[in-house]
Amino acid sequence: MKPILFNFTDGELEQFVTDMGQPKFRAKQIREWLNRGAPNFSVMKNLPETLRRDLDARAVTLPVQIIKKLESRDGETTKFLLGMHDGEQIECVLMRTTYGNSVCVSSQAGCAMGCKFCASTLLGLKRNLTANEIFAQILVAQWELRIDKMTDRPVRPNGDPNNGDVSHIVIMGTGEPLQNTQNVIGFIERANRDMGIGWRRITVSTCGIVPGIRELIEWGRPINLAISLHAPTDELRDQIMPINHKYKLDEVLAAAWDFTAAHNRQLMIEYILLGKKNDAGDTVLYNATPEYAEKLADLLVGRNCMVNLIPWNAVDERDFASPSGNAVHRFQDILIQRGIHTRIRRERGTDIGSACGQLRLNNAKK
Ligand code: SAH
């Protein structure tokens, strides 16, 4: 297995280049390229060509290598399937939005949570990602934005070229971040320190691991917390999210409100809208009925939160259906009438399987 130079300390990198008969300053040049997300050594144009070839034969740059890159038709979303040294695969998504460039990263290869609507958990948990493996996903996106700049790629709806850097991070890719809390914290600290991404532009999304939320409160950084709620009663949540057998709704929300109180941050509530096929083959609402909207409002009314309604992205292996646009709006209207901030999440990149672990799953099926 080739060594991953990004994981080397400065001292180790110097040793590596001097062992190749190179002057020490090459280590610094290489480090600069690594920090920009260079996918290989051929792009390091200030190194002699022979050295670049030599490096390519002996080492790799980052802990993740691009296996597949898919672009949505509107040009706003790029999805990466990434491979790691042990053959495990993860996904990350770059979303070019009007407020900035947001990257959705994975925190684990696979997932152990077993949510009934999700593709990422179908093959179980393979392993936790290291802080470097999470960070490298940001670097892959950063390099992609560099390509945008070099090609003057018009990506914004108004046709502007994208001249930005990564500005927002959401830890909402494959895996449960609060089952890998220390590495996730290490990653966030680093993104803040090395890339200047503000705490308030970083969001951790959890299915509700209460001790993990408590760890985040203790850690004390004012990041955003998102809770994947998806059901307003324990009875319903038990059916679709096995974690609810361990941490009940009231415990999860109590921890989440403590988090928002500690940082004066608005809590993000994620609520997937699920339908199901009945015997006649028609789609009926599952957790998206008006009754459940009322129950959700009962839980949240008067609280500092924003509900993100997410029409379910279809996964072949899963026994649900996407609700109609009308049903989604009806659900939202009830929440609005009860005074609850609500947004319907815009679907990005569904044409490239950008939704929730589908690329990795489809690749594994082949
Ligand atoms: N484990 C964490 C983060 C990863 S999942 C969590 O549960 O929050 C990120 C979000 O995508 C969660 O809200 C999850 O429930 C949702 N999700 C999973 N599969 C989905 C699908 N097929 N369509 C829409 N959202 C999905």
Side-chain angles (χ1 to χ4, degrees), residues 79 90-93 95 102-125 128-129 134 137 169-181 183-184 187-188 202-210 212-213 216 223-231 236-237 239-244 246-247 249 252-253 255-256 259 267-276 286-288 305-323 328 343-350 352-362:
K79 178 154 194 170
I90 51 171
E91 298 180 20
C92 91
V93 187
M95 292 160 284
S102 182
V103 185
C104 175
V105 298
S106 295
S107 56
Q108 299 181 309
C111 185
M113 295 296 98
C115 298
K116 298 285 186 266
F117 43 78
C118 178
S120 296
T121 195
L122 280 167
L123 303 171
L125 175 68
N128 277 337
L129 301 189
I134 309 174
Q137 298 171 59
I169 297 173
V170 294
I171 306 169
M172 282 187 195
T174 301
E176 171 47 50
L178 299 186
Q179 284 223 309
N180 187 17
T181 314
N183 289 344
V184 165
F187 154 69
I188 295 174
I202 300 174
T203 302
V204 170
S205 175
T206 178
C207 63
I209 311 275
V210 172
I213 299 171
L216 291 183
I223 58 166
N224 298 299
L225 182 66
I227 302 285
S228 296
L229 209 69
H230 306 332
L236 184 66
R237 203 166 189 262
Q239 310 279 319
I240 53 175
M241 298 179 73
I243 192 67
N244 201 63
K246 194 154 181 199
Y247 305 111
L249 263 175
V252 173
L253 284 174
F259 182 94
L267 182 70
M268 191 202 282
I269 300 282
E270 293 166 274
Y271 197 99
I272 301 183
L273 295 167
L274 297 164
K276 237 179 177 349
Y286 182 74
N287 68 345
C305 66
M306 151 73 73
V307 178
N308 231 313
L309 296 175
I310 312 167
W312 183 64
N313 284 312
V315 176
D316 287 348
E317 288 76 3
R318 294 305 203 184
D319 184 27
F320 286 104
S322 304
V328 172
R343 241 188 334 233
I344 297 175
R345 184 174 291 173
R346 227 195 89 195
E347 291 174 72
R348 291 175 183 282
T350 37
I352 52 174
S354 165
C356 316
Q358 291 165 7
L359 192 55
R360 171 173 176 271
L361 183 67
N362 291 342

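Just so you know, ligand 1 is whichever comes first in the structure, and atom 1 is the first atom listed for that ligand.
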- Message: Is the contact between His230 and ligand 1 made by the side chain, the backbone, both, or neither, using heavy atoms and a 4.0 Å cut-off?
- Response: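 The part of His230 near ligand 1 is the side chain, not the backbone.
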- Query: Does any donor atom in the side chain of Gln108 or Asn128 lie under 3.5 Å from an acceptor atom in the other side chain?
  - Reply: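 Yes - a donor-acceptor pair under 3.5 Å links their side chains.
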For [X], atoms of ligand 1 separated by under 4.0 Å from a heavy atom:
X	result
Thr206	6 (C), 7 (O), 8 (O)
Glu270	10 (C), 12 (C), 13 (O)
Val315	22 (N)
Cys118	18 (C), 19 (N)
Cys207	6 (C), 7 (O), 8 (O)

Closest to [atom] among [options] (heavy-atom distance):
atom	options	result
atom 9 (C) of ligand 1	Met113, Lys116, Met172	Met172
atom 12 (C) of ligand 1	Ser120, Ser228, Cys104	Ser228
atom 4 (C) of ligand 1	Gly173, Ser205, Pro311	Gly173

- Message: Tell me whether Gly175 has any N or O atom under 3.5 angstrom from an N or O of ligand 1.
- Response: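 Yes - when backbone and side-chain N and O of Gly175 are compared with those of ligand 1, one distance drops under 3.5 Å.
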- To the nearest 0.5 Å, tell me how far Gln137 CD sits from Leu129 CG.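 Interatomic distance, Gln137 CD to Leu129 CG, rounded to 0.5 Å: 6.0 Å.
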- To the nearest 0.5 Å, tell me how far Ser102 OG sits from Met95 CE.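 So the gap between those two atoms works out to 4.0 Å.
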- Item | Any residue meeting side chain to side chain donor-acceptor pair (under 3.5 Å) with Ser106, in chain and number order, not counting sequence neighbours |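 Testing Ser106 for side chain to side chain donor-acceptor pair (under 3.5 Å), a comparison that skips the adjacent residues, returns none.
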- Query: Looking at Ile240 and Phe117, what are the two nearest heavy atoms and their distance?
  - Reply: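 That would be O-CE2, 3.9 Å.
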- Under the side-chain contact (heavy atoms from CB on, under 4.5 Å) criterion, do Leu229 and Glu270 qualify, and how do the steps go? CA-CA 6 Å; Leu229 209 69; Glu270 293 166 274; over 6 Å; no
- Return the set of residues passing salt bridge (Lys or Arg N to Asp or Glu O under 4.0 Å) with Lys116 (not counting sequence neighbours), or none when no residue passes.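 For Lys116, no residue satisfies salt bridge (Lys or Arg N to Asp or Glu O under 4.0 Å) once neighbours in sequence are set aside.
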